[in-house]
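A quick write-up on the structure given underneath.
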2 protein chains.
Amino acid sequence: MNNFGELIRAKREDKEMLLRHLAAQLDIDTAQLSKMERGERTVKREHVTQLINIFNLDPSKAFSVWLSDQIVALITNEDEALNALKMAEKQIKDLK
Amino acid sequence: MNNFGELIRAKREDKEMLLRHLAAQLDIDTAQLSKMERGERTVKREHVTQLINIFNLDPSKAFSVWLSDQIVALITNEDEALNALKMAEKQIKDLK
DNA sequence: GTACATTTGTCATTTAATGTCAAGTGAACA
DNA sequence: TGTTCACTTGACATTAAATGACAAATGTAC
């Protein structure tokens, strides 16, 4: 569900890092990181950037996933979610 | 650009209402409404509901436009805006 | 049961959104 | 030109939301 969090958790476990290790690198509380990984709290852009470096992630992909999480958080439970997405897409395309 | 605001302004002018008339109905400051109509400030869901009643708007359409504004505000200026939208769409569809 | 990693819950602090007001701009018209 | 009126702009106070920090709870391995 929370893709960015899952992504980070997978990477962290892959490298056998503990929450407190990664939390220390990000200079945040262990509890906070735990919540981020499980999608209970949003991840700040600043942390996305750091995580891209730490885990050597593809920046485009990482930012896409992270942004997507935010969009989903905004429109989940909205009846008009899909319509709104379509409209937004159109507007964004027109802006370019 | 700011679709919901434009929509409201159009309706208001159509009915020849002044900002202060509509602002009074919404129980907000005239300046605030002015900013909402021009997209300088976000519109609260509560106000959307009221405006739907006041102008007899199609609720689905109104909410779609309003939500879309928020999505656009969130992702404008993001390089990965379109990718993120696609991902979000997929997730929302899967949720159902 | 002890040790350790993680999760959960609460509350303080910070940041962002909203509300309120006063002054500014611009158009219409005497 | 200068007065009036609708609207806009900017500044600041207030409120609400996000984040940070900590302690206690949970769960697992030994």
Side-chain angles (χ1 to χ4, degrees), chain A residues 1-51 54-55 63 65-78 84, chain B residues 1-52 54-55 63 65-78 84 88:
Chain A
M1 209 82 338
N2 178 269
N3 287 303
F4 190 78
E6 281 173 14
L7 196 138
I8 294 310
R9 172 150 292 189
K11 285 286 177 186
R12 179 175 62 80
E13 292 179 339
D14 199 52
K15 299 216 171 187
E16 298 188 26
M17 291 174 82
L18 296 180
L19 274 176
R20 68 183 144 83
H21 296 144
L22 185 52
Q25 283 203 54
L26 297 172
D27 193 26
I28 60 175
D29 190 72
T30 301
Q32 252 182 277
L33 180 55
S34 167
K35 286 167 188 166
M36 285 179 188
E37 285 189 347
R38 285 171 302 103
E40 223 181 278
R41 285 214 183 171
T42 57
V43 181
K44 295 170 87 171
R45 178 190 298 273
E46 173 198 351
H47 292 142
V48 178
T49 307
Q50 290 181 274
L51 288 162
I54 292 170
F55 293 124
F63 276 117
V65 172
W66 171 71
L67 249 194
S68 167
D69 283 352
Q70 295 184 63
I71 298 171
V72 170
L74 182 66
I75 66 180
T76 311
N77 304 323
E78 292 284 350
Chain B
M1 208 83 337
N2 179 270
N3 287 302
F4 189 77
E6 281 173 14
L7 196 137
I8 295 310
R9 173 150 294 190
K11 285 286 176 186
R12 178 175 63 81
E13 292 179 340
D14 198 53
K15 299 217 169 183
E16 298 187 28
M17 292 173 80
L18 297 180
L19 274 178
R20 66 184 146 84
H21 295 146
L22 185 53
Q25 283 204 53
L26 298 172
D27 192 26
I28 60 176
D29 191 73
T30 301
Q32 251 181 279
L33 180 56
S34 167
K35 287 168 187 165
M36 286 178 188
E37 287 189 347
R38 285 170 303 103
E40 222 181 279
R41 288 214 178 169
T42 58
V43 181
K44 295 170 87 172
R45 177 191 298 276
E46 173 199 351
H47 293 143
V48 177
T49 307
Q50 290 181 275
L51 289 162
I52 286 171
I54 293 170
F55 293 124
F63 276 117
V65 172
W66 170 71
L67 248 194
S68 167
D69 283 353
Q70 295 184 64
I71 297 172
V72 170
L74 181 64
I75 66 180
T76 312
N77 302 323
E78 293 284 349

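Each chain gets a letter, A, B and so on, in the order the sequences are listed, and its residues count up from 1.
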Among residues 22-32 of chain A, which residues get a heavy atom nearer than 4.0 Å to DNA chain C? A:A31
Distance below 4.0 Å between A:S34 side-chain N/O and C:dT7 OP1 or OP2: yes
Nearest atoms (heavy-atom pairs only) where B:F63 meets B:V48: CE2-CG1, 3.7 Å
Bending between helix ends of the helix from C:dG1-D:dC30 to C:dA30-D:dT1 [5 pairs per end, 10° resolution]: 20°
Give the rounded distance in Å between these two atoms: CE of B:M36 and C1' of D:dT9. 16 Å
Roughly how far apart are B:R12 CZ and B:I54 CD1, rounded to 0.5 Å? 12.0 Å
Provide, to the nearest angstrom, the distance between the CZ atom belonging to B:R41 and the P atom belonging to D:dA11. 13 Å
Verdict with reasoning, B:E78 to A:R45, per side-chain contact (heavy atoms from CB on, under 4.5 Å): CA-CA 12 Å; B:E78 293 284 349; A:R45 178 190 298 273; 2.2 Å; yes
Take atom CD1 of B:I8 and atom C1' of D:dC7, then tell me their distance rounded to the nearest Å. 17 Å
How many whole angstroms separate atom CD of A:E46 from atom P of C:dT15? 11 Å
In this structure, how many angstroms lie between the C1' atom of D:dG10 and the CD atom of B:E40, rounded? 10 Å
What's the separation between atom CE in A:M36 and atom NZ in A:K44, rounded to the nearest 0.5 Å? 8.0 Å
Once you apply a heavy-atom cut-off of 4.0 Å, does A:K35 come out as touching a base, just sugar-phosphate, or nothing? base
Spell out, as yes or no, whether a donor-acceptor pair under 3.5 Å connects the side chain of B:S34 to the backbone of B:T30. no
Verdict with supporting geometry, A:L19 and A:R9, side-chain contact (heavy atoms from CB on, under 4.5 Å): CA-CA 9 Å; A:L19 274 176; A:R9 172 150 292 189; 4.3 Å; yes
Rounded to whole Å, please give me the gap between CG in A:L33 and P in D:dT19. 14 Å
Out of D:dA18, C:dG19, D:dT9, which has the shortest distance to the side chain of A:T42? D:dA18
Which residues satisfy the side chain to side chain contact (heavy atoms under 4.5 Å, CB included) test with B:A84, sequence neighbours excluded? A:L67, A:S68, A:I71
Evaluate A:Q32 against A:L26 for side-chain contact (heavy atoms from CB on, under 4.5 Å), listing each step before the verdict. CA-CA 11 Å; A:Q32 252 182 277; A:L26 297 172; over 6 Å; no
Rounded to the nearest 0.5 angstrom, the CE-CD distance for A:M17 and A:Q25 is 4.5 Å
Heavy-atom distance under 4.5 Å between the side chains of B:W66 and B:L7, does that happen here? no
Heavy atoms only: give me the nearest B:I8-B:L22 pair and the separation to one decimal. CG2-CD2, 3.9 Å
Which residues, if any, of residues 10-21 of chain A bring a heavy atom under 4.0 Å of DNA chain C? A:R12, A:L18, A:L19, A:R20
What one-letter contact string describes nucleotides 25-30 of chain D from 5' to 3', where B marks a base within less than 4.0 Å of any protein heavy atom, S marks contact via sugar-phosphate atoms alone, and - marks no contact? ------
Quick one: which residue pairs count as a salt bridge (charged side-chain N to carboxylate O under 4.0 Å, His left out) with a foot in residues 13-33 of chain B, not counting sequence neighbours? none
Does C:dA17 have OP1 or OP2 sitting under 4.0 Å from an N or O in the side chain of B:R45? no
Separation between CG (B:L51) and CD (B:E46), nearest 0.5 Å, reads 10.5 Å
Can you see if the side chain of A:R38 gets near the phosphate of C:dT8 - specifically, an N or O under 4.0 Å from OP1 or OP2? yes
